[in-house]
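What follows is one structure encoded as structure tokens, with my remarks underneath.
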Amino acid sequence: MPEQLIKNRQLADNAWQNFSLPPGANLADCALPEAQTIIPGEMWLLRREEFLCRSGAIAVSLAPTFKVETLADDIAHFALICIEFPKFADGRGYSLARLLRERYGYRKELRAVGDVGRDQMFYLHRVGFDAFLISAGRDACDALNAFADFPDAYQAATDQPLPLFRRRAA
């Protein structure tokens, strides 16, 4: 079973390809990827001016160790930002998503990729993810059910700026 994309709480087609670094090449001098390719954040930083001159949508993928503040001035250029989850127990992507949404005002597609499981979906959505690339071997239809696991949340978050007690008082 290939990877499946959940976007805005429904199955969707994935129009984007991940950039693959050719063997022996480095990010600074390899050929520029075609349109609809997700490039590593490090590649954007190395070759920013080249990418700004190109037409078409740009997407970046950020490792959990990526310093998101280095992209603060460039956020508006990205049609898609992917945040990598290399393993289930690595929660740094949650912080990156919240920073992108709340501090830097990113409003376009924010996608969780990697080791993303059903039990994380509800919480990933709360911090700002609106798309999830479900790994091969996992059931995307089952993952969709995760959004209904909890009828409401008490705390404020990116998806609901008011805590429950304030919503009830209104």
Side-chain angles (χ1 to χ4, degrees), residues 2-117 120-121 123-136 138 140 143 156-159 161:
E3 294 179 321
Q4 294 180 298
L5 179 65
I6 295 174
K7 185 175 176 181
N8 299 321
R9 296 186 179 203
Q10 54 190 321
L11 292 175
D13 292 327
N14 184 12
W16 293 88
Q17 300 292 321
N18 282 322
F19 172 76
S20 296
L21 187 63
N26 64 45
L27 293 176
D29 62 2
C30 60
L32 293 175
E34 298 297 320
Q36 297 292 89
T37 301
I38 302 166
I39 62 170
E42 293 81 10
M43 187 177 199
W44 170 264
L45 294 176
L46 286 171
R47 301 172 69 178
R48 180 182 182 276
E49 298 306 317
E50 288 176 75
F51 287 115
L52 286 174
C53 293
R54 295 184 64 180
S55 62
I58 298 170
V60 294
S61 182
L62 308 180
T65 57
F66 193 87
K67 303 289 186 219
V68 73
E69 61 271 10
T70 61
L71 296 178
D73 295 333
D74 298 327
I75 294 294
H77 297 292
F78 307 127
L80 162 67
I81 296 177
C82 296
I83 296 180
E84 302 164 13
F85 286 83
K87 59 184 178 178
F88 174 80
D90 192 340
R92 294 175 287 181
Y94 289 86
S95 299
L96 292 178
R98 192 143 187 199
L99 285 170
L100 284 166
R101 293 290 193 209
E102 293 181 0
R103 184 176 296 171
Y104 300 113
Y106 184 72
R107 297 289 170 248
K108 298 174 189 169
E109 183 178 340
L110 187 58
R111 184 183 294 183
V113 300
D115 193 6
V116 177
Q120 296 170 287
M121 304 283 287
Y123 302 105
L124 289 167
H125 178 72
R126 298 227 54 224
V127 298
F129 287 98
D130 55 2
F132 311 86
L133 194 60
I134 306 301
S135 300
R138 293 200 172 159
T158 301
D159 68 333

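From a predicted model like this one, the values you see are computed outputs, not experimental measurements.
Distance CD/Gln17 to OG1/Thr37: 7.0 Å, rounded to 0.5 Å. Taken from CD1 in Ile81 to OH in Tyr106, the straight-line distance is 4.5 Å, to the nearest 0.5 Å. To the nearest 0.5 angstrom, Phe132 atom CZ is 15.0 Å from Glu3 atom CD.
A side-chain donor-acceptor contact under 3.5 Å links Lys108 to the backbone of Ala76. A donor-acceptor contact shorter than 3.5 Å is absent between the side chain of Arg101 and the backbone of Thr158. With hydrogens and angles ignored, the 3.5 Å screen pairs no side-chain donor or acceptor of Ser135 with any backbone N or O of Val116. The main-chain N or O of Leu110 is found under 3.5 Å from a side-chain atom of Asp130 such that the two form a donor-acceptor pair.
Counting only heavy atoms from C-beta outward, the side chains of Ile83 and Leu100 approach each other to under 4.5 Å. When side chains are defined from C-beta on, Leu11 counts as touching Ile6, because their heavy atoms get closer than 4.5 Å. Between Trp16 and Cys82, every side-chain heavy-atom pair lies at or beyond the 4.5 Å cut-off. Considering only heavy atoms from C-beta on, Leu62 comes within 4.5 Å of Leu71 through its side chain.
Ionic pairing of Asp115 and Arg138 is present here: one or more N-O contacts between side-chain nitrogen and carboxylate oxygen are shorter than 4.0 angstrom.
Listed by first and then second residue, the salt bridge (charged side-chain N to carboxylate O under 4.0 Å, His left out) pairs involving residues 35-47 are Arg47-Glu50 (not counting sequence neighbours). Applying the ring pair (Phe, Tyr, Trp, His ring centres under 6.0 Å) test to residues at least two apart or on different chains, the pairs with a partner in residues 72-102 are Trp44-Phe78, Phe85-Tyr94, Phe85-Phe129. Residue pairs meeting the salt bridge (charged side-chain N to carboxylate O under 4.0 Å, His left out) criterion with at least one member in residues 70-81, sequence neighbours excluded: Arg48-Asp74. Residues in residues 57-72 take part in these side chain to side chain donor-acceptor pair (under 3.5 Å) pairs, two or more places apart or across chains: Ser61-Glu84.
Taking the salt bridge (charged side-chain N to carboxylate O under 4.0 Å, His left out) definition, one finds that Arg103 meets it with nothing, sequence neighbours left out. Taking Asn14 as the reference, Arg111 meet the side-chain hydrogen bond (donor to acceptor under 3.5 Å, both in side chains) condition, with sequence neighbours excluded.
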Carefully, step by step, assess Ile39 and Phe51 under the rule side-chain contact (heavy atoms from CB on, under 4.5 Å).
CA-CA 10 Å; Ile39 62 170; Phe51 287 115; 3.6 Å; yes
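Counting non-hydrogen atoms of other residues, nucleotides and ligands closer than 6.0 Å to CD of Glu102 gives a total above 12. Summarising the local packing, CG of Asp13 is surrounded by 12 or fewer heavy atoms from other residues, nucleotides or ligands at distances under 6.0 Å.
The two residues Asp90 and Pro64 make their nearest non-hydrogen contact at OD2-CG, 3.5 Å. The two residues Met43 and Cys30 make their nearest non-hydrogen contact at CE-SG, 3.6 Å. In terms of heavy-atom proximity, Ala156 sits nearest to Arg98 at O-NH2, 4.3 Å.
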